[in-house]
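All remarks here apply to the structure that follows.
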Amino acid sequence: MTKKYEKELTLEQLAALSDDDIDYSDIPELDETFWQNATYVEPEGTQQITLRVKKSVVEAYKATGKGYQTRMNSVLESYAQTVLKRGSQRS
């Protein structure tokens, strides 16, 4: 695929592309070395809690559609990783 798009394609537009229309040149081949060194990483589970969040924050995330709680968790996880990284750099 040599055509560059002026804006991001929607999921529907991406799904409609044939495999031949997709440019994979920026994705390295996964050779035998990759698979020999690959390790399975068990995804971390979630824990149900009660959390008080400002109404405006919840409404903003809900406005983004289905999966808003997962997106909220991703933001919190990114922040937590940043805090952990900073903490380990100080040691």
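Only this structure's heavy atoms are used, side chains among them; waters, hydrogens and symmetry mates stay out. All residue numbers refer to positions in the sequence shown, counting from 1. Remember, predicted model here, so these are calculated numbers, not experimental data.
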Worksheet item: L14, I27: one ILVMFWY side-chain cluster at the under-4.5 Å cut-off?
Response: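 Yes, because L14 and I27 connect within a single hydrophobic cluster, where side-chain heavy atoms sit under 4.5 Å apart.
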Discussion item. I'd like to know if L76 and V57 are part of one continuous hydrophobic network [Ile/Leu/Val/Met/Phe/Trp/Tyr, side-chain heavy atoms within less than 4.5 Å].
Written reply: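 Different clusters.
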Discussion item. Testing the basics here: between Y61 and Y68, what is the closest heavy-atom pair and its distance to 0.1 Å?
Written reply: O-CB, 3.1 Å
Worksheet item: How would you list all residue pairs meeting side chain to side chain donor-acceptor pair (under 3.5 Å) that involve residues 70-84, not counting sequence neighbours?
Response: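 Passing the test, one end in residues 70-84: T64-R71.
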Worksheet item: Tell me, which pairs form a side chain to side chain donor-acceptor pair (under 3.5 Å) where one or both residues lie in residues 24-42, sequence neighbours left out?
Response: D23-S25, Y40-E42
Which atom pairs, one a donor and one an acceptor, fall under 3.5 Å between side chains of residues 44-51 and the rest of the protein, sequence neighbours left out?
none

Fill in: Heavy-atom side-chain contact between V58 and K55 under 4.5 Å
no
Worksheet entry | Spatial distance of atom CD1 (I22) from atom CG (L17) [nearest 0.5 Å] | 5.5 Å
